[in-house]
Amino acid sequence: MPLFKFNCYSSNSTDTPHALNEIEAQLNHAHNATFLIVYFDVQLNAEVIWRWLSAQFENTQFILSSSCQGSFCHNEYYNHAFATLTVVSISDPSGYYFVSSGKRDNLSTFDTAQSATNQLLKNTFSESPELLWITLSPGDEEQAIAGIQAAIGQRVPIIGGSASDNDVSGQWQVYTHHTATPCSMAIASLTPSVAVSFSFSSGYAPSGLTTKVTQASGRNVATLDNTPAAIRYNQLTNGTISQSLTGGNILGLTSFHPIGREVSKDEYLLSHPENVHSNGTLSLFSSLDEGDVLHIMHGSTDSLLRRAHQVIHNAQHTLDDPALSGCMLIYCAGCMLSVKSQFEQVTKNICQDFNSVPVAGVYTFGEQGCFLDGQSRHGNLMISALVFGATHD
Amino acid sequence: MINSEHQQLIKDNERLLEKVARLERTVEVTRTQQAESLVLLEGMSASLQASTVEQIYQSVFTTLKKQTPFDTALLLTPAMPGTLNVAATSNNVPMQQNIIVDPLLKSVLTGPAKAIIDIQLLNPDWLPTLTAPHHHSALIASFSYKSSVCLLMLFDINKGAYLRKDAQAINRITGLIEQTLDQVEKRFIELEAQQLRVESERVQGNLLRQEKMASLGQLAAGIAHEINNPISFIGSNLQLMQTQVKNLYLFHQNLNKQLAPSNQRLFTLMAETYPCDFLESDFNELFNDCREGVERVSYIVKSLKTYCQANDSNWQLNNVCEGFSLTLKMLENQLKYNCVISEYHADIPDSYCINSELNQVYLNLLLNAVQSMHGHGKIIIRSYAKNNTIFIEVQDNGMGIAPSKINRIFDPFYTTKEVGQGTGLGLSISHAIVKKHQGEIHVKSKVNQGSKFTIALPVLSLPPT
């Protein structure tokens, strides 16, 4: 009986044809892939990659997405922390994998997501998948999740990351095997023949300081504790953004001091402050509601470096059999950029603990995952892992 | 140095938190499993206590709901080939529906359970029959019962209410259903066998009794015939003898008057030697006693003959209480030393009945009443009609029946009497006879105060068919 196979291949070349050649040279049985997830650095030409994938894997469903400054690939031969191209191949004749794409056109994000999910359900004959793997364009992820859940309900776990580029200049791209041009979102239903597990958490701890959202609209927070949000945030973080109180990008300054909402016991959903407006309003990469109690979180380089393999361990721990076939890692691009100079430590930790397990990772501009309370949410500065259990003869 | 120690402390703290989180997850998983096991155990226990398949189904639904919430649940069993029949619904609404086995149902009947996000999207033909328009999620699983594969269907109003893990969990529940149904089936078979044994013994007992009654009837008819002849000539002879003795006495009186005075002295002398003045009064008394004795013997013979007519299955329009006097006569010896009988009979309409069978009921009730008394007691018999129903009451002030036993007194072979004193069939036969007359028999009893049996018979204008 054919068995589940998880493999990942990568190239560090910045030349698209060369990178593809390198990948092709490594492919062994990947042509039998049931499902592909492909990450690329925006330095490469996505259209060329798409055409190559369509030709190489004629009947295989795939998601192609950009990843910030490269992607992660650990296999038995090498470790690439910032590969320009990573191909994840899942061969699983006994499993069920379907991909659907959504293009906004004139539709809202909610409607696009709902329509794409309904399309997916037609393929699955409305059967519940094990989970949904999503790749969204950054910006309106909460609405996308709401649209998906309007079609599929709130219990199916949603795991994924938002596409990213190298400098937040909006060059992120998402494709599927259906779409020769970029789409707004890719949604895949995964029903593997092996057990799967996931973990969604952050490498941050609460500082003990809290504040309350007193005026907000979507991702813009006007006041915290009835004080202009930027000023109050600056007070609570000992002047982290003093130099930007009159306005400007604060992504880099706030990476170690995100704000968190406690969604279940000791589980925090993080939001990353990204910009200060001239009126003192604070913009974030995820939505907040008035009345939300926010914890000022704090992180460190060490904790972020330790987080990746720890999250994989957490996911592995909930499997009945801890043997793994492979792992997908979603690592916040903001976190990655904060510790990039020491990122080899992440690779080292993963190699040490999961040497024989292929691990592929993406650096994202927003993370979607499912906490222990069973609710799927969108957050920032989060790290998550999806692990596939071993096959049994 | 201090910074390094601080970093180490943070690291250790993170590890500890991580470990606590994992342990909490493990505890949570264990708690969930424990709760699941408890629910399954309770469900199985409840199912095993059920006395009908319908009760088992409802018990299964209750267990399921604790484990996997649903709005509506259905159990479908095989009907004609290619179809399924709705055997039970969680809301207990009878649903006599047959549905065609489509590819979706077929895949579950032959494979694993399915969790359906939105059944409305699939819109199978059976959907409007089995569900409401607001049902979206479905969980469909199969299980085996009586060598056939059945379906369990759960529906919920929310989309995506069931996950693959629920489909896997439901297999554990269907496993429980299979085991429970199997156990209950065995219990039912055992009970059925036991009931058949009791029924068989009852039938055998009835046959034996009928044979005995038939023999007794023949014997009684023979005895009656044999006794009737001598009794009738004894009666005739007594009558003749009484007339002749009367004539003899008249002759004696007139003889004295007709004799010559010289002979009268001799007549007086002989009358003094052989006194016979008292003959007239004594003979009358003796003849009356003998006649009464002959009548009693005739009556008893006639009663015995009538009572033993067990084959008298002809329904006749008659007074249902007609046999009471006969029965009381039969029991006269047992009754007259033990109790006082009071009878209150109102006018009752005639009704189709088999008097000989009702006599048997009255006999059983009166015998039980007498036997329930220590020393002297009182039996009250009432009959009256109300709302086209005839009521017959037999009330005693005997020892009564214990509450723990009162529900069983109409069971065959159940007796409260000492071994050898009763067969335990009297009341069950009485119950059957009353039922045959489309009536009811009830008892009210208080320990040490007595019992009252009430027979309610509908007035039948035609024999029951």
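For the numbers below, each heavy atom of this structure counts, side chains included, while hydrogens, waters and symmetry mates do not. In what follows, chains are A, B, ... by sequence order, proteins preceding strands, each numbered from 1. Small disclaimer: the values here were computed from a predicted structure and weren't measured.
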For this session: Check each atom of B:L163 against the heavy atoms of chain A and say whether the ones under 4.5 Å are side chain, backbone, both or neither.
Result: both
Exercise. With only heavy atoms counted, which part of B:A167 is less than 4.5 Å from chain A, the side chain, the backbone, both or neither?
Worked result: neither
Problem set entry | residues 111-125 of chain A: residues contacting chain B (heavy atom under 4.5 Å, by number) | A:N118, A:L121, A:F125
For this session: Kindly say whether the aromatic ring centers of B:F155 and B:F70 come within a distance under 6.0 Å.
Result: no
Seminar exercise, completed: Under 4.5 Å to a heavy atom of chain A? For B:I116 that would be both
Exercise. Distance-only, no hydrogens or angles: does the A:S197 side chain make a donor-acceptor pair with backbone N or O of A:A315 under 3.5 Å?
Worked result: yes
For this session: Only counting residues at least two apart or in another chain, list the ones meeting side chain to side chain donor-acceptor pair (under 3.5 Å) with B:S137.
Result: none
Exercise. Is it the side chain or the backbone of A:S201 that comes within 4.5 Å of chain B heavy atoms, both, or neither?
Worked result: neither
Exercise. Angle class for the A:H295/A:Y268 ring planes (parallel below 30°, perpendicular above 60°, tilted otherwise)?
Worked result: perpendicular
Exercise. Relative to the ring of A:H313, is the ring of A:F354 parallel (under 30°), tilted (30 to 60°) or perpendicular (over 60°)?
Worked result: tilted
Exercise. How are the rings of A:F200 and A:F371 set relative to one another: parallel (under 30°), tilted (30 to 60°) or perpendicular (over 60°)?
Worked result: tilted
Exercise. Is it the backbone or the side chain of A:A205 that comes under 4.5 Å from a heavy atom of chain B, or both, or neither?
Worked result: neither
